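For the single chain, residues carry numbers from 1 onward in sequence order. As the structure is a computational prediction, the values presented were derived from the model and not from experiment.
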Amino acid sequence: MIDASILLYGPSGSGKSTAGAVLAQALDLPFVDLDREIERACGMQVSQIFDTEGEAAFRSLEVAHLSHLLKGGRKVIALGGGALTNLACRTLAEELGQVLLLNAHAETLCARLQADSEVRPLLAGNCLERLKALLARRREHYASFPLAVDTTLLTPAETAWEVQRQLGCFRIHSVEGAKTRRAGQEAYDVIVEPGCLDTVGKRMQARGLHGPVVVVCDSHTSGLFGERVLASLREAGYSACLAEFPAGEAHKRIETAARLWDTFLSAGMERRSTALALGGGVVTDMVGFAAAAYLRGVRWVALPTSLLGMVDASTGGKTGIDLAQGKNLVGAFHSPALVLADPLTLKTLPMEELRSGLAETLKHGVIADPVLFEACKMPVTADLVRRAVAVKAQVVEVDPFEQGVRATLNYGHTIGHAIEQVSGFRLRHGEAVAVGMVIEARLAETLRIAEYGVSEKIETALARIGLPVAVPPGLDLDLIMASMNRDKKKSGGKVKFALPVKIGEVKYGIEIDEDRVKAVIRAGTAWSEPEPAGCA
């Protein structure tokens, strides 16, 4: 389903209306409570409709009003607690919307309802006893919905966020963008959905994005996905063409950007036109930067096809190219107009690339999600991608321009980028970051910042995936230190580190004496052989 309405379902008191209103605000969508809509149309309360017309008549009203709402554009809809017991209503909801069940313990539901003055026809009398009986009758019915959130211990805001995480649907806002309305700084959607690559044309159309469109890929993704994306765009009425550059970090340079600008001109791209980045992190960074500079900024859409691109590079608007002296030393904050991450594209990746992406995924777990940290393993699932993207989305939403907490995302990268460059990019980005994470965790322990044993937990988790956890032999320590000291995160002449405190918490802006950094790097200089491909 393309941009379907979100339907929150479950027993009374589960938080459908309160969390639904929060969710709608977060996604910039209208919110509708189906019961309230019926009451306005009928001029009487639900309890009165039950008393005068009966339950069957009320269920018919639900079908008619829900059908009207679902055909009137995307929105968040709170359904009544028994709405989908009606087969016609359930069929309609599941065909035209995304249904997510909210539930809670009976005692919690009862306490919430008792604080509410609304009359509930099916719960008249002893609230707790009737609730338990109602939940027992509907146990199998409620259990039949695959997407569900237990709201017992959650606030409405936490419930709304969990709904977004399960649906893989996030909206990133920029306060600065709201003020300036500048291309590249408006709010944008990040969607993680199997099969969404084939819907890019219609989704762009729904968001008012214009052509001509240039789809930029590298030599790996062009043959795999290029024609599919072009077909989707042309079916939606866009004039579109394909541009390709050689795969690899070595081509993330100004020369490639210049060739892209020539292609943009040849394709007739104007300020209202759109560039598409179809590929991994290199393609995403490259196209985002080219779009930021072309005509002083045109819109672009990220279609990440690698795990690294999905969980990290595509969201947040940090774009850039490399110089000979270091990674991403030239770039711009230029947010995409839309991110569509299709987990099905991960099936085309070799094991080494999946491992590389799992390094960034596990890093997100260290930063803010212990459950994600424990879940990082093969095979990579759509839910793992959604959970990792949720961490990135939440951090970027709070700090779009890396003025504070967004610096936590640099964990493992200060040393990792230096190792990656000094290796001549023989190490993949995720492999270098994995080594950086272990070294920086050990630094945190030497500074008494981290809880005892954190570095061992992180090292064990990375090794289990099959990633390196030590600097390969033969890399020059002085070159690593020199590269690190040119890092773009440097401030006031000092390199700032983001270091773990425990799994789920990272501190940022930490200065460390260079001799200490050297000593810890020197202590870990033996390559750890990865486990065989496919291990978990």
Under the side-chain contact (heavy atoms from CB on, under 4.5 Å) criterion, do H173 and D28 qualify, and how do the steps go?
CA-CA 10 Å; H173 298 82; D28 292 336; 3.0 Å; yes
Run the numbers on Y9 and H141 for ring-ring contact (aromatic ring centres under 6.0 Å, His included), then give the verdict.
CA-CA 11 Å; Y9 182 53; H141 170 67; 5.6 Å; yes
Using distance only, find each side-chain donor-acceptor pair of residues 98-105 under 3.5 Å and give its atom names and separation, not counting sequence neighbours.
none

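By the ring pair (Phe, Tyr, Trp, His ring centres under 6.0 Å) test, H429 is found to be paired with H413, H417, residues two or more places apart in sequence or in another chain being considered. Considering only residues two or more places apart in sequence or on other chains, L209 meets the side chain to side chain contact (heavy atoms under 4.5 Å, CB included) condition with M204, R207, Y238, T274, R299, V301, A337. Scanning for salt bridge (charged side-chain N to carboxylate O under 4.0 Å, His left out) contacts around R165 gives E162, D383, with sequence neighbours left out. Checked against side chain to side chain contact (heavy atoms under 4.5 Å, CB included), E451 has the following partners two or more places apart in sequence or in another chain: V454, K502. Every residue two or more places apart in sequence or in another chain that forms a side chain to side chain contact (heavy atoms under 4.5 Å, CB included) with E193 is listed here: I191, C196, R203. Every residue two or more places apart in sequence or in another chain that forms a side chain to side chain donor-acceptor pair (under 3.5 Å) with S17 is listed here: D33. A search for side chain to side chain donor-acceptor pair (under 3.5 Å) contacts involving K16 returns nothing, not counting sequence neighbours. Considering only residues two or more places apart in sequence or on other chains, K252 meets the salt bridge (charged side-chain N to carboxylate O under 4.0 Å, His left out) condition with E249, D285, D322. With sequence neighbours left out, F225 forms a ring pair (Phe, Tyr, Trp, His ring centres under 6.0 Å) with no residue at all. P146 pairs by the side chain to side chain contact (heavy atoms under 4.5 Å, CB included) definition with nothing, not counting sequence neighbours.
A341 and M310 get closest at one heavy-atom pair: CB-CG, 3.8 Å. For C376 against R464, the heavy-atom pair with the smallest separation is O-NH2, 3.3 Å. The two residues S14 and L109 have their closest heavy-atom pair at N-CD2, 3.4 Å. Residues A240 and L233 approach most closely at CB-CD1, 3.9 Å, considering heavy atoms.
Using a 4.5 Å heavy-atom threshold, the side chains of P304 and V339 count as touching. Side chains of L303 and T345 form no contact here, defined as non-hydrogen atoms less than 4.5 Å apart. Put simply, the side chain of W161 does not reach to within 4.5 Å of the side chain of V22, judged on heavy atoms. Side-chain contact between M269 and L295 is absent, with no heavy atoms from C-beta onward closer than 4.5 Å. Side chains of E402 and Y508 form no contact here, defined as non-hydrogen atoms less than 4.5 Å apart. F31 places none of its side-chain heavy atoms less than 4.5 Å from the side chain of L23. Looking at heavy atoms from C-beta onward, S232 lies out of side-chain contact with E235 at the 4.5 angstrom threshold. When side chains are defined from C-beta on, R428 counts as touching E353, because their heavy atoms get closer than 4.5 Å.
Other residues, nucleotides and ligands place more than 12 heavy atoms under 6.0 Å from the CZ atom of R228. The number of heavy-atom neighbours closer than 6.0 Å to NE2 of H65, taken from other residues, nucleotides and ligands shown, is above 12.
Within the structure, every pair that satisfies the side chain to side chain donor-acceptor pair (under 3.5 Å) test and touches residues 387-396, not counting sequence neighbours, is listed here: D312-K392, D369-R387.
Although no hydrogens or angles enter the test, the distance criterion places a donor-acceptor pair under 3.5 Å between the side chain of T221 and the main chain of L278. Side chain of R138 to main chain of P11: no donor-acceptor pair is present (N/O by atom type, distance under 3.5 Å, no hydrogens or angles).
Distance check: M437 CE to I415 CD1 gives 12.5 Å after rounding to the nearest 0.5 Å. Atom CG of D218 is separated from atom OG1 of T305 by 7.5 Å, given to the nearest 0.5 angstrom. Rounding to the nearest 0.5 Å places CG of L8 at 9.5 Å from OG1 of T159. Atom OH of Y188 and atom CZ of R171 lie 10.5 Å apart (nearest 0.5 Å). Atom NE2 of H210 is separated from atom OG of S273 by 9.0 Å, given to the nearest 0.5 angstrom. Taking CD from E431 and OG from S356, the interatomic distance works out to 6.0 Å, rounded to the nearest 0.5 Å.
The pair E352-R355 fails the salt-bridge criterion, with no side-chain N (NZ, NE, NH1 or NH2) lying under 4.0 Å from an Asp/Glu carboxylate O.
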